[in-house]
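Worksheet: one structure, shown below.
Below, chain A is the first sequence line, B the second, and so on; all start at residue 1. Predicted model only: the values in this text are computed from it and were never measured.
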Amino acid sequence: MKKILDLITEEMEKAFGKAGYDGKYGRVTVSNRPDLCEYQCNGAMAAAKEYHKAPIMIASDVVEALADTEVLAEAQAVSPGFINLKISSSFLSGYLNDMHKEERLGYEKVKEPETIMIDYGGPNVAKPLHVGHLRSAIIGESVKRIARFAGHKVIGDVHLGDWGLQMGLIIMELKERKPDLPYFDPDFQDAYPKEAPFTIAELEEIYPAASARSKEDTAYKDAAMKATFELQQGHRGYQALLKHILNVSVSDLKRNYANLNVDFDLWKGESDAQPYIPDMVRKMKDEGYAYESDGALVVDIKEETDTKEVPPCMILKSDGASLYTTTDLATLVERMKLYHPRRIVYVVDKRQEMHFVQVFRCAKKCGLVEADTDLKFLGFGTMNGKDGKAFKTREGGVMRLEYLLSDINEEMLKKIRESRPMSDEEAGEIAKVVGLSAVKYGDLSNQASKDYIFDIERFTSSEGNTGPYILYTIVRIKSILKKYEEQAGAVLEAPILAEENESGRALMRELARFNAVMENAYEELAPHKICAYIYDLANAFNKFYHETSILGTEDEHVKKSRIQLLVLTRRVLETCIGLLGFEAPERM
RNA sequence: GCACCUGUAGCUCAGCUGGAUAGAGCACGGGCCUCCGACGCCCGGUGUCGCAAGUUCGAAUCUUGUCAGGUGCACCA
């Protein structure tokens, strides 16, 4: 369906043309002065320059030319040259009826779907998720859903940190603790055991222990580096151990991400890109892009428009080892080969922007991706505590994600108990669902690129611009609809009729914005635009609800229409929170 | 040192492809449940839009300078 603003704009364009002006001035926006009008067109003021005419005269001409439109109920030229518009209520209700008939609520799929990869999550194996992983997961998941809803083929890749010294450290520590394991026996020829020789809990303890020791014990660190090297060279026992580490870690990670309602299509990691490195490096050398500098292999990526020094992109260290950049470049090679995406979005801490600028430039310059492959860095800011500094535990450490979530659930449970009596089991379930909305909405309602303050008290409150407030509104609608079903037997199809009071009109105008908001949220990869929209919509609904008796409506047609309006509002809200990555309970 | 990002009400944040009186929420004060969920709704005050110039009929929005805070600047990831 066309966007409602475009439909009104078309009317204005025609009117500008009819009055003898260029139609391009006809653009209509939602009014920023709701006390004066519903929609507005400011084109007359821009046109004044071209036609050397007072803006108010142009505006008056246009309004006159508008006389016979069915779209608008009122149009008024106001000094200095605003054109104030009021939409026709039958046109508006007609628009909503069309929208209600469509499964996608009038949001059209893109005409040419593209393959888009979203790189988000980025956890490290053998390490628990901590609060630093939260934003990437939440934002990435939402962006993935938004892009998919736009009609694209979207692939979410968790891109595990499963390569490098950390692996060598784990292997060394394991060797110290359990030297008799067959993985360390060079003469062992049989198949290795299927069972991992450790649990996730042990693994999570082993890594920090090994990491701490390597900082003091250089011989130990050297051994770990050797183990890393041997692993990378294909050491049979170590490879088998890596598989165990991956399996144990990934199943734990999946459980954790499932709690966040986050899921990935691909569970690939840095290690998967390693086989692509040798050929890639050779190609870069052969084609003359890579050269030696201070013993390291680098590629120049300066551009004329740079306002500062951009250091060359390092491909191999002076000792010949690969590094972060190498892996990311090789991952691009792998992705192009296996999935051939048109676009890749990296949802990563914004502090890594420089690194990705280097990777993107290098990949383009060396032809690892095509010239029109869109590599997009979606950087997010830091999650801070109430003091405005990086979020920490009371002891000053990094907080595990599980603990953060259980804190939220506890707070939510407390609030639920205060409000409504229900069984422990139900309260617990609802706390989980509502708690997740609190965390996700709290994060997504801010612009991703900015730092934000994580405030449990504020996020879990159902007052104000919060997840629980949105859910409350949905639950309230569900409750009314349920009551209606009890009375009338079922919610039957019926046309939505025009509402003449202001709160009803306002609600309908909000609903009509849906497809425009979705399109904009996708174009800008901006979940916070959806949050702002549903907050406005929820407010508009609650206002309408308070001013209008719904179940008590005398006229049966009007009553049915209002029920449909509720159904539509619920559909829009639920579609939106689905794109944000959470859902509403039946009651709360 | 160089570069990038941020600076809007007491607090947390929108608005930033220039448009009318700069908006929400929280907090604070007052009102509204014999009636569909009061976790709601209504009413009320709060601003040198960091500062200073410039462009423009018009600037929170664009340009330049400046101040403050944050972040990043090749052999970690």
> Does the pair A/K386/A/E457 count as a salt bridge with the N-to-O cut at 4.0 Å?
Replying inline: no
>> Tell me which nucleotide, if any, is Watson-Crick or G-U wobble paired with B/C76 when both distances must be under 3.5 Å.
In response: none
>> Is the distance between the ring centroids of A/Y346 and A/F377 under 6.0 Å?
In response: no
> Taking atom C1' of B/A14 as reference, at what distance in whole Å does atom NE2 of A/H528 sit?
Replying inline: 7 Å
> Which value, in whole Å, describes the distance between the C1' atoms of nucleotides B/U48 and B/C43?
Replying inline: 29 Å
>> I'd like to know if the side chain of A/E270 pairs up with that of A/T327 as donor and acceptor (distance under 3.5 Å, no hydrogens or angles considered).
In response: no
> Which is true for A/N124 with a 4.0 Å heavy-atom rule: it touches a base, it touches only sugar-phosphate, or it touches nothing?
Replying inline: nothing
>> Side chain of A/S462 only, heavy atoms from C-beta on: which candidate in B/C41, B/C39, B/G19 is closest?
In response: B/C39
> Between A/R351 (CZ) and B/G70 (P), how many Å, whole number?
Replying inline: 13 Å
> Base, sugar-phosphate alone, or nothing: which one does A/V298 contact when heavy atoms must sit under 4.0 Å apart?
Replying inline: base
> For A/E554, does the CD atom have more than 12 heavy-atom neighbours from other residues, nucleotides or ligands under 6.0 Å away?
Replying inline: no
>> Say we look at B/A27 and B/G65: how far apart would their C1' atoms be, to the nearest angstrom?
In response: 38 Å
> What distance, rounded to whole Å, do you find between the two C1' atoms, one in B/G54 and one in B/A9?
Replying inline: 28 Å
> In Watson-Crick or G-U wobble terms, both distances under 3.5 Å, what is the partner of B/U6?
Replying inline: B/A68
> In whole angstroms, how far is the P atom of B/C13 from the CE atom of A/M383?
Replying inline: 13 Å
> Any chance the side chains of A/D328 and A/H355 put a donor and an acceptor closer than 3.5 Å?
Replying inline: yes
> Which base, if any, makes a Watson-Crick or G-U wobble pair with B/G19, both distances under 3.5 Å?
Replying inline: B/C57
> Taking atom types as modelled, is there a side-chain donor on A/E13 or A/Y21 under 3.5 Å from an acceptor on the other?
Replying inline: no
> When rounded to the nearest Å, what value does the distance between C1' atoms of B/G1 and B/G45 take?
Replying inline: 48 Å
> At under 4.0 Å between heavy atoms, what does A/T548 touch on the DNA or RNA strands: base, sugar-phosphate, or nothing?
Replying inline: base
>> From NE2 of A/H159 over to P of B/A77, roughly how many Å is that when rounded to an integer?
In response: 12 Å
>> Just by distance, no angles: are the side chains of A/N501 and A/S503 close enough, under 3.5 Å, to form a donor-acceptor pair?
In response: yes
>> With syn defined as a glycosidic angle within 90° of 0 and anti as the rest, where does B/C33 land?
In response: syn
>> Less than 4.0 angstrom between a side-chain N/O of A/N465 and OP1 or OP2 of B/A14, yes or no?
In response: no
>> Base, sugar-phosphate or nothing for A/S293? Non-hydrogen atoms, less than 4.0 Å.
In response: base
>> Just to be sure I understand the rule, does A/Q40 reach a base, reach only the sugar-phosphate, or reach nothing, if contact means heavy atoms closer than 4.0 Å?
In response: base
> Do NZ/NE/NH1/NH2 and the carboxylate oxygens of A/D451 and A/K350 come within less than 4.0 Å?
Replying inline: yes
> Which of residues 467-486 of chain A have a heavy atom under 4.0 Å from RNA chain B?
Replying inline: A/Y469, A/Y472, A/V475, A/R476, A/S479, A/I480, A/K483
> If you pin A/D319 and A/H546 to their nearest nucleotides in RNA chain B, which one's is more 5'?
Replying inline: A/H546
>> Taking the P atom in each of B/C16 and B/G23, what is the distance between them to the nearest angstrom?
In response: 14 Å
>> Suppose we call a contact any N or O donor and acceptor under 3.5 Å apart; does that hold for the side chain of A/N84 and the base of B/A20?
In response: yes
> OP1 or OP2 of B/A38 less than 4.0 angstrom from a side-chain nitrogen or oxygen of A/Y545, does that happen here?
Replying inline: yes
>> With the stacking rule set at 5.5 Å and 30°, tell me whether A/F82 counts as stacking on B/G19.
In response: no
> Given the C1' atoms of B/A74 and B/A68, what is the spacing between them in whole Å?
Replying inline: 31 Å
> Mind checking who B/U46 pairs with, Watson-Crick or G-U wobble, both distances under 3.5 Å?
Replying inline: none
> Watson-Crick or G-U wobble partner for B/G25, using a 3.5 Å limit on both distances?
Replying inline: B/C11
>> Between A/K450 and B/C13, is there a contact of a side-chain N or O with OP1 or OP2 at under 4.0 Å?
In response: no
> B/A14 and B/G47: how far apart are their C1' atoms, nearest whole angstrom?
Replying inline: 15 Å
> Rounded to the nearest Å, what distance is computed from the CG atom of residue A/N446 to the P atom of nucleotide B/G15?
Replying inline: 10 Å
>> Without decimals, in angstroms, what is the distance between A/E411 CD and B/C39 C1'?
In response: 14 Å
> Side chain of A/D294: nearest nucleotide among B/C75, B/C13, B/G19?
Replying inline: B/C75
>> Looking at A/K49, I'd like to know whether one of its side-chain N or O atoms comes within less than 4.0 Å of OP1 or OP2 on B/U56.
In response: no
> Roughly, in whole Å, what's the span from CE in A/M314 to P in B/A77?
Replying inline: 11 Å
> Do A/R135 and A/D349 have side chains that get closer than 4.5 Å, going by heavy atoms?
Replying inline: no
> With the threshold set at 4.0 Å, does a side-chain nitrogen-carboxylate oxygen contact exist between A/K389 and A/D387?
Replying inline: no
>> Between A/L316 and A/I416, which residue's closest nucleotide on RNA chain B lies nearer the 5′ terminus?
In response: A/I416
> Is any N or O donor-acceptor pair between the side chain of A/S318 and the base of B/C75 shorter than 3.5 Å?
Replying inline: yes
> Could you give the CZ-to-P distance, from A/F541 to B/C36, as a whole number of Å?
Replying inline: 14 Å
> What nucleotide among B/U12, B/C39, B/A77 has an atom nearest to a side-chain atom of A/R458?
Replying inline: B/U12
>> Taking A/K415 first and then A/E411, would you say they form a salt bridge - that is, a charged N and a carboxylate O separated by under 4.0 Å?
In response: yes
> Does OP1 or OP2 of B/G15 have a side-chain N or O of A/Q447 closer than 4.0 Å?
Replying inline: yes
> Within the pair A/N539 and B/C41, is there a side-chain N or O less than 4.0 Å away from OP1 or OP2?
Replying inline: yes
>> Quick check for you: among B/A20, B/C41, B/G70, whose closest atom lies nearest to any side-chain atom of A/N542?
In response: B/C41
>> Quick check for you: among B/C73, B/C41, B/G19, whose closest atom lies nearest to any side-chain atom of A/P311?
In response: B/C73
>> Return the pairing partner of B/A38 with a 3.5 Å limit on both distances, Watson-Crick or G-U wobble; otherwise return none.
In response: none
>> If we count only N and O atoms by modelled type, under 3.5 Å, do the side chains of A/Y441 and A/N446 hold a donor and an acceptor together?
In response: no
>> As a test of reading the structure: which of B/C39, B/C75, B/G70 is closest to the side chain of A/A296, going by heavy atoms?
In response: B/C75
> Which listed nucleotide (B/C76, B/C39, B/A77) is nearest to the side chain of A/E463?
Replying inline: B/C39
>> Taking B/C73 as the reference, what is the distance to B/C28 when you measure between their P atoms (whole Å, please)?
In response: 44 Å
